[in-house]
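See structure below.
Just so we're clear, the structure is a prediction, and the values are computed from it rather than from any experiment. By convention in this document, chain letters (A, B, ...) are assigned in the order of the sequence lines, proteins followed by strands, and residues within each chain are numbered from 1.
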Number of protein chains: 2
Amino acid sequence: MREFVKVNEAIEDYLKTIYNIQDEHGKVSTTMLAKQMNIAPSSATGMIKKLARLNLVTYEPYRGIQLTSHGRKVALEVLRHHRLIELYLVEALGMRWDEVHHEAEKLEHVISKSLIERIDSYLGHPAVDPHGAPIPDRHGKVESTPGVKLADLKSGQCGVVSEVNDRDSEMLRYLAELGIFPNARIKVLNIAPFQGPMSISIEGEERLIWIELAKSIFVKLLPENTEGCRDNQQKNKNVSDNL
Amino acid sequence: MREFVKVNEAIEDYLKTIYNIQDEHGKVSTTMLAKQMNIAPSSATGMIKKLARLNLVTYEPYRGIQLTSHGRKVALEVLRHHRLIELYLVEALGMRWDEVHHEAEKLEHVISKSLIERIDSYLGHPAVDPHGAPIPDRHGKVESTPGVKLADLKSGQCGVVSEVNDRDSEMLRYLAELGIFPNARIKVLNIAPFQGPMSISIEGEERLIWIELAKSIFVKLLPENTEGCRDNQQKNKNVSDNL
DNA sequence: TCTCATTTTTAGGTGCACCTAAATCCAGTT
DNA sequence: AACTGGATTTAGGTGCACCTAAAAATGAGA
């Protein structure tokens, strides 16, 4: 309720992670939280009780966790920091998109309001980070247009990559090799049965990708037989420069 | 001795502070350390014992503290981070010179090697930070040409500002108002007795400054009656833009 | 409705960096 | 050589975020 709860780094990480899990799975359990944060489940329980005391989450034992509006606001602030920093490091300092997540995880907690606003201005108040994730604005508003998993597309469908998971840097390097970035055009050519690989065309280049990988890639579906669905050659400029 | 001591944020702050005190006072006592870090003297004693165990300092109870070569190396790394960050924030993001110390105090501990090297390259491997403090190079080498305190100059002497204390941001705003930056030319006109104010000319403008303040300003002495000692009008460009 | 594997919480404990209060050391008078 | 005030260390304690092990609740299938 009151604005003036003292939020430290640990709390910020919990709230951010709760937000992300809520975003992806709907419900948030202490076990999922613990797994995501690499801590023991009992540690999560303890901390959640504290967050509940601070009015940052509501918590019903055995039933799950939900962010309060205040908790959500803090989570979105951290996310804003994270994503602006990621983009800044790519745009202003030429870091690779697979390096920036790790760096942002640390910087997001210590950067001042004043500095983050300068970065936001420098970047021209961008809407998405280098992995396609939407950047909350100063007031905690997010454009969340999630898209669908590439893995859920059928043969012949096409789309534009909207977002990829930023947590696994090895995966990001591999995606870069394949030419998979936000805004890349993809067409599903063929799907092998039994969790086999998917054959797709990326900006006109034919590739095979493992179905598990395709679950980490989100696309905006294009109507079949639009012109976009016939192997448009235009490459995404901004991001592919930073391999 | 071994390289692989796990150095955390607290340890980095201790080593940095010990370095700074050693630089300024020669000897380092637990009490001075505690005062500088705003902690209880007993806390400093405890931590110093730990640092000694880790071979980062040598410590003789009641006699003082000294950095080992390894401790010194860590301190200089942190200092390098601090000063590069300060300069970067001024140069690349237009922050004021009185804001950047506070920001750098937090960023210095979490920034990666890779990012700091990018920043160093971006800045062209600069020699000094916005307050004139020398930036250690990647291998821990520092150019320390300290200069003398403005407060120690006599009437008629002149010099070029080499460094000012970066810790007090209110003071920095005041110095900016007076036109006192690194590279500003100063001539001492008159010194009032009994710790009174000093009358000086800064880039040709006559000002009064309190003697205590003059102890935080370091200058490189110019021979009297050089041309530089006759109120050269040229202003320092880079820094005075960021008031 | 009962059973039982899984999830979740409770109980008790750790290391860390800090604290206050009390004891001890040290150096400069007398 | 004893005194004494300031510097320094020791002793004992705190909150925090984590841990392991054990107990308890849940809910899905028999």
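One atom, NZ of A/Lys50, and another, P of C/dT10, lie 17 Å apart when rounded to the nearest Å. The distance between atom CD of B/Glu60 and atom C1' of C/dC26, rounded to the nearest whole Å, is 14 Å.
Residues A/Ile85 and A/Glu103 are not in side-chain contact: their nearest non-hydrogen atoms beyond the backbone lie 4.5 Å or more apart. A/Ile48 has its side chain within reach of A/Leu51: a pair of non-hydrogen atoms, C-beta onward, lies under 4.5 Å apart. For the pair B/Pro134 and B/Val142, the minimum side-chain heavy-atom distance is below 4.5 Å.
Between A/Glu99 and A/Arg96 there is a salt bridge, since at least one side-chain N of the basic residue sits less than 4.0 Å from a carboxylate O of the acidic one.
Checked against salt bridge (Lys or Arg N to Asp or Glu O under 4.0 Å), B/Lys16 has the following partners two or more places apart in sequence or in another chain: B/Asp13, B/Glu105, B/Glu108.
Shown here for B/Gly132 and B/Pro182, the closest heavy-atom pair between the two residues is N-CG, 3.7 Å.
Separation of the A/His101 and A/His82 ring centroids falls under the 6.0 Å cut-off.
Interface limits on DNA chain D: the 5'-most and 3'-most nucleotides within less than 4.0 Å of chain A heavy atoms are D/dA17 to D/dG27.
Residues from residues 25-46 of chain B with heavy atoms under 4.0 angstrom of DNA chain C, sorted by number: B/Asn38, B/Ile39, B/Ala40, B/Ser42, B/Ser43.
Ring orientation note: the planes of A/Tyr88 and A/Tyr122 are nearly perpendicular, at an angle over 60° on the 30°/60° scale.
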